[in-house]
Every structure is written in C-alpha cells, then in structure tokens.
Amino acid sequence: MPEFYVSAPGKVILFGEHSAVYGKPAIAAALSLRAYLLVKPNVNTDEIVLEFPDIDLKQKWKVQDIPWESLAQYIRHNNDAPATSDELVPEIMDLLSDLLTDCNLSLHYIACRCFLYLYSNLCSENVAGHHFCIRSTLPIGAGLGSSASTAVCLAAALSALGGHIKAPVHKADDKVTLKDMKESDFIDAWSLMGEKCFHGNPSGIDNAVATHGGAVLYQRMTGPGNPSVRTNIRNFSAIKLLLCNSKVPRSTAELVASVATQNRKFPKVSNAMLDAMDHLVTDAYLIMSTPFLDRSALLELVNINHGLLVALGVSHPSLESIKLISDTQKLGATKLTGAGGGGCTITLLRDDISDEELNNAKLELENRGFETFSTMLGGKGVGMLLAQDLSADQRESKFSFESFAALPNREEIELSIGASILEQWRYW
Ligand SMILES: Nc1ncnc2c1ncn2[C@@H]1O[C@H](COP(=O)(O)OP(=O)(O)OP(=O)(O)O)[C@@H](O)[C@H]1O
Ligand SMILES: C[C@@](O)(CCO)CC(=O)[O-]
Ligand SMILES: [Mg+2]
C-alpha cells in the first residue's frame with residue numbers, strides 16, 4: 001500500500017469513568033485533539049521500523065524475526081478475518097516477549113507489545129516492512145484517551161495493511177449508514193485488544209469513542225461474545241467545557257487496579273458507589289437526551305460523580321486544587337476525567353459565564369502551573385489520509401517521514417497534518 005496517515009481522536013469521559021469497567025454505563029465524547037500515524041513502505045522490505053517520538057521510542061524488527069509459524073496455531077480466524085478474543089492470548093504474548101528484550105522502559109515495553117500483538121494478528125510474513133510514526137496533539141497519560149487513540153490508529157493501519165479493511169470513502173460531512181459500520185466495528189474490536197495491552201482491563205469506552213467519534217452512552221457487556229452497547233448522543237454541542245491538565249503523570253492501569261483492590265477489600269461499600277454511578281449516568285443521559293438541556297441538573301451530577309470518584313480513591317491533591325479554584329470562581333461544576341490520579345479535569349461551564357470570568361480563571365489555573373485547553377466536543381472518529389488525495393507538492397511536504405517525526409510540539413503537529421488539510425481526510 002502506498003503511504004498513508006490514519007488519525008483518531010482522544011476523548012473526555014463526562015460521566016461514569018471507573019464504573020464503566022464494572023459494566024455500568026458511561027458517557028464520553030470525542031475531542032478535537034488527536035493522534036496521527038504515518039505509514040510508509042520501507043525501502044528495506046524485510047524491516048519494520050517504529051518511531052514514537054512523543055515517548056522517545058525508536059524500535060526495529062526484521063519481519064522474519066516474528067515467529068509466524070509458532071504463532072499460527074494461536075491466531076484465530078472468523079470467516080477468513082482475524083478474530084479478537086475476550087483476553088489477550090497468553091501464548092502469543094509469550095512468543096512475542098523475545099522481541100521485547102531490549103525495551104528497557106516500561107513505557108516503551110507496553111507500546112511495543114501493543115504494536116507487535118496487533119501486527120502479528122493483523123499482518124503476516126507476506127506484508128512488506130513499513131515505517132510507522134505516531135505523533136499526538138493529546139497530552140499523554142492525562143486521562144484524555146491517548147492510549148486508545150494510539151490503539152485505534154494502529155488497529156486501523158494494520159487492518160488496512162493486512163487487507164482486512166478497505167480505505168474509507170466517506171468525507172467529513174457524509175452521513176454514515178449502519179451497513180458502513182462493519183469496518184469501523186472491526187477497527188473498534190481490534191483497538192480494544194490494543195487497549196488491553198495498555199491497561200489490562202479496559203471497558204472499551206475509550207477506543208469506542210476514538211473509533212466512532214461523536215458522543216456516546218456506552219455499556220460494557222460481560223461474558224464471551226457479548227457485544228457492548230453503544231448509543232449515540234446528539235444533544236451535546238450545547239455543552240461548554242473547560243479542560244485543565246494537572247500535568248501530574250499517572251498510569252490508567254495502576255488506577256484501575258487500585259479500584260479493584262478497594263472493591264475486593266470493601267465489596268459492599270465499593271459496589272454501592274459503583275451502583276450510585278450507574279444511576280447517576282442514567283439520569284445524566286436522560287437530561288442530555290431531552291431537547292431542553294437542564295444544565296443546572298447536569299452540573300449537580302458532575303459534582304456528585306466527582307465526589308464518588310474521590311471516595312473510590314482516584315482523585316489527587318492537584319485535581320482538588322483545580323476543583324477548588326474553579327468552584328471558588330463559580331465557573332460551573334468540575335470533576336476529574338479519565339482514570340484520575342492526576343491528568344485532567346473537565347469543568348462544565350455555567351451558561352451565563354462571561355469571557356472575562358473564564359479568562360481570569362484560566363489565568364489563575366495557568367499561574368498555578370496547570371494547562372488549560374479549549375477544545376470542541378464530538379470530533380470525527382478514525383480517519384485516513386491517502387497520498388493520492390493530495391496535490392504533488394502537498395504530498396512532498398506532508399508525507400515526509402523525517403519532518404513528521406521531527407515536529408517539535410502540539411501546535412506544529414496540528415498545523416502540519418491537522419487543520420490544514422481537513423477536507424482531504426476520509427472516515428470509516
Ligand atoms: N503519542 C503517543 N506515542 C506513543 N505512545 C503513546 C502515545 N500516546 C499514548 N501512548 C501510550 O499510551 C500510554 C498512556 O496510556 P494511559 O491509558 O495510561 O493514559 P491515557 O490513555 O492518556 O489516559 P486515560 O486512559 O485515563 O484516558 C503511554 O504510556 C504510551 O504507552
Ligand atoms: C478509568 C476508565 O474507566 C476510563 C479511562 O479513560 C477505564 C476504562 O473504562 O477502560
Ligand atoms: Mg488510556
């Protein structure tokens with residue numbers, strides 16, 4: 001396949017993080033901050049090159065170093081397409097571990113393991129070596145779905161290279177019909193396997209939003225082959241948000257594990273809180289689904305949800321500082337978003353807030369060392385940019401692997417591959 005980009009959005013969870021892992025419903029929306037993956041055929045067709053500059057990772061493997069013959073017995077198919085499984089296949093993980101011995105940092109180990117697990121299932125020894133480079137305008141490890149957007153980009157690109165899906169045909173404003181969902185559902189399912197490599201026990205909401213975009217009410221269904229339920233939410237554009245990054249690094253895997261430990265230690269208390277979150281999300285969905293958005297009721301539910309997350313033990317002093325500033329300035333209602341433990345908060349803004357009040361609050365937050373984002377909700381899901389859709393000189397500048405890998409920051413990434421050529425992107 002000639003060179004191409006795929007891209008997928010990050011997300012904010014408006015309600016229901018952590019309880020989503022226990023099969024309760026949650027509401028999330030795609031962001032305009034996105035991950036971008038450039039895939040180019042390698043002149044050395046027997047070599048796979050991974051460049052993840054955002055985490056200072058560069059890794060190479062020979063296509064033949066992947067133990068294709070030993071893997072074959074463990075890779076399942078369904079109607080000739082690779083089939084996902086409820087859990088990562090331990091034998092595959094074991095066979096791939098020999099290729100990870102020089103990944104010294106856990107950050108690099110997890111990212112390479114995710115890539116190799118998807119590559120070994122979705123590609124084959126007959127797929128020539130390619131270069132892969134991921135850049136993101138999302139803060140990494142900040143609760144905005146950076147792992148999911150990475151997993152969706154890898155799942156989409158490797159599914160296309162493996163010949164399991166075709167390039168998308170829809171432009172940004174086209175209406176997507178249900179029959180078109182087959183390929184995006186395939187990407188969604190395989191990106192969940194990627195998320196399992198990143199954090200062990202994902203609910204699937206992050207990768208579902210990164211795949212399909214928009215805003216969804218999502219509920220994980222347990223039990224083999226039980227499809228999760230995803231309901232699109234239309235009435236979210238009225239929601240105005242302030243996103244604030246505490247810049248405190250943390251790991252979703254560790255936070256999800258800490259809630260599981262509390263659940264084992266105090267099952268009645270923990271399950272009562274998770275049930276309360278279930279009811280809260282249902283109430284929030286009903287409010288968001290009515291034509292007139294009862295914003296004050298939604299603000300109350302934001303505060304209740306944050307209080308329950310504090311009780312689950314997943315807040316952090318930095319998040320509480322952000323909430324204190326936002327509440328003192330009466331901006332609206334603030335809660336942590338994503339796994340917590342640091343990372344980001346969202347503030348649902350009151351509808352009569354003035355620009356001056358908002359700018360003063362942003363200034364105070366930034367003076368305290370936090371980072372605020374203005375972002376739109378409900379962005380497009382996973383998309384592809386084909387070299388053939390660009391003019392010759394655009395192709396020259398936009399598909400230079402070295403320049404893409406060397407882009408210095410979020411603004412330059414956005415300028416180079418984001419806003420500038422939006423109309424040429426196609427979506428599954
Ligand atoms: N641009 C990127 N390049 C390479 N790896 C990335 C990139 N973005 C995310 N990752 C991978 O995802 C991991 C962060 O995932 P994690 O789930 O902990 O945080 P998050 O997805 O940002 O937050 P949340 O899961 O709460 O939404 C990183 O450690 C890295 O392995
Ligand atoms: C904490 C969590 O609920 C959301 C992480 O963004 C984990 C998950 O649902 O996979
Ligand atoms: Mg994540």
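Both ligands and their constituent atoms are indexed starting at 1 by order of listing.
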Stepwise side chain to side chain contact (heavy atoms under 4.5 Å, CB included) test for V281 and K24: CA-CA 9 Å; V281 172; K24 314 299 185 186; over 6 Å; no
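- Near G338, meaning under 4.0 Å from one of its heavy atoms, ligand 1 places the atoms 26 (O).
- One side chain, Y218 or S228, offers a donor N or O that lies under 3.5 Å from an acceptor on the other.
- Using 4.0 Å as the threshold, G141 has a heavy atom nearer than that to some atom of ligand 1.
- Using a 4.5 Å cut-off on side-chain heavy atoms (C-beta onward), L88 and Y117 make contact.
- Taking all atoms of both residues into account, the shortest heavy-atom contact from A387 to R395 is O-NH1, 3.1 Å.
- The distance criterion of under 3.5 Å between nitrogen or oxygen atoms is met by S203 with respect to ligand 2.
- Considering CG of L95 and CG of L116, their distance stands at 12.0 Å, rounded to 0.5 Å.
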side-chain hydrogen bond (donor to acceptor under 3.5 Å, both in side chains) between R34 and S7, worked out: CA-CA 7 Å; R34 298 176 72 93; S7 171; 2.7 Å; yes
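- For the side-chain contact (heavy atoms from CB on, under 4.5 Å) with Y109, the qualifying choice from T101, L100, D102, N104 is L100, the only one to do so.
- Per-residue contacts place P202 under 4.0 angstrom from the following atoms of ligand 2 (heavy atoms of the residue considered): 10 (O).
- Near S136, the atoms of ligand 1 lying under 4.0 angstrom from a non-hydrogen atom of the residue are 1 (N).
- Interatomic distance, W428 CH2 to H212 NE2, rounded to the nearest 0.5 Å: 12.5 Å.
- Judged as a side-chain contact (heavy atoms from CB on, under 4.5 Å), and not counting sequence neighbours, the contacts of T345 are C244, L319, I322, T334.
- In terms of protein heavy-atom proximity, atom 7 (C) of ligand 1 is nearest to T150 OG1, 3.4 Å.
- With T372 as the partner, the side-chain contact (heavy atoms from CB on, under 4.5 Å) test is satisfied by one option alone out of N245, L242, L363: L242.
- Annotation: atom 6 (O) of ligand 2 to nearest protein heavy atom, D206 OD2, 2.7 Å.
- Looking at atom 14 (C) of ligand 1, its nearest protein heavy atom turns out to be S146 OG, 3.8 Å.
- Residue-to-ligand polar distances place A339 within reach of ligand 1: an N/O pair is separated by less than 3.5 Å.
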Chi angles and distances behind the side chain to side chain contact (heavy atoms under 4.5 Å, CB included) call for F132, L158: CA-CA 10 Å; F132 299 86; L158 297 174; 3.8 Å; yes
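- In this structure, R250 counts as a contact residue of ligand 1, since one of its heavy atoms falls inside 4.0 Å of the ligand.
- For ligand 1, the atoms lying closer than 4.0 Å to a non-hydrogen atom of A142 are 22 (O).
- When only modelled atom types and interatomic distance are considered, K323 and N303 share a side-chain donor-acceptor pair under 3.5 Å.
- Using the six-membered ring where Trp is involved, F115 and W61 have ring planes that are parallel, under 30° apart on the 30 and 60° scheme.
- Applying the 4.0 Å criterion to heavy atoms of F52 picks out, from ligand 1, the atoms 4 (C).
- Scanning the protein heavy atoms around atom 25 (O) of ligand 1, the nearest turns out to be T252 OG1, 2.8 Å.
- In this structure, a donor-acceptor pair under 3.5 Å is present between the side chains of H306 and E320.
- Taking the six-membered ring wherever Trp is involved, the centroid distance between the rings of F4 and F399 does not fall below 6.0 Å.
- With 3.5 Å as the limit, one finds a donor-acceptor pair spanning the side chains of D294 and S296.
- By the criterion of a heavy-atom distance under 4.0 Å, the backbone of L144, and not its side chain, is placed next to ligand 1.
- For atom 2 (C) of ligand 1, the closest non-hydrogen atom on the protein side is I140 CD1, 3.7 Å.
- Taking every heavy atom of D206 and a limit of under 4.0 angstrom, the matching atoms of ligand 1 come to 25 (O), 27 (O).
- Salt-bridge formation is detected for the pair E371/R410: a Lys NZ or Arg NE/NH1/NH2 atom is positioned less than 4.0 Å from an Asp or Glu carboxylate oxygen.
- In this pair, F401 and H131 present their aromatic rings perpendicular. The plane angle is above 60°, beyond the 30 to 60° band.
- With a heavy-atom cut-off of 4.0 Å, I13 touches ligand 2 through its side chain alone.
- Taking atom 3 (N) of ligand 1 as the reference point, the nearest protein heavy-atom neighbour is I134 CG2, 3.8 Å.
- Taken from CG in L138 to CG in L144, the straight-line distance is 6.0 Å, to the nearest 0.5 Å.
- Atoms of ligand 2 lying under 4.0 Å from at least one heavy atom of G338, given by number and element, are 6 (O).
- A heavy-atom separation below 4.0 Å is found between K11 and ligand 2.
- Among protein heavy atoms, atom 15 (O) of ligand 1 sits closest to S147 CB, 3.2 Å.
- Contacts between I55 and ligand 1 below 4.0 angstrom, taking non-hydrogen atoms only, involve the side chain exclusively.
- Counting heavy atoms under 4.0 Å from ligand 1, residue C114 does not touch it at all.
- When only non-hydrogen protein atoms are considered, atom 3 (O) of ligand 2 lies nearest to H18 N, 2.8 Å.
- Rounding to the nearest 0.5 angstrom, the gap separating the CD atom in E47 from the NZ atom in K62 is 4.5 Å.
- Every atom of ligand 2 is numbered from 1 in the order shown, and the set under 4.0 Å from a heavy atom of E17 is 3 (O).
- Using a 4.0 Å cut-off between a side-chain N of Lys or Arg and a carboxylate O of Asp or Glu, K60 and E51 do not qualify as a salt bridge.
- Around the Mg ion (ligand 3), protein atoms of type N, O or S found under 2.8 Å number 1.
- Only the side chain of H199 comes within contact range of ligand 2, with a heavy atom under 4.0 Å; no backbone atom does.
- Remark: distances from the non-hydrogen atoms of K11 to ligand 1 include one below 4.0 Å.
- Protein heavy atom nearest atom 30 (C) of ligand 1, with residue, atom name and distance: L107 CD1, 4.0 Å.
- With respect to atom 1 (N) of ligand 1, the closest heavy atom belonging to the protein is D54 OD2, 3.1 Å.
- In terms of N/O distances under 3.5 Å, ligand 1 is approached by G145.
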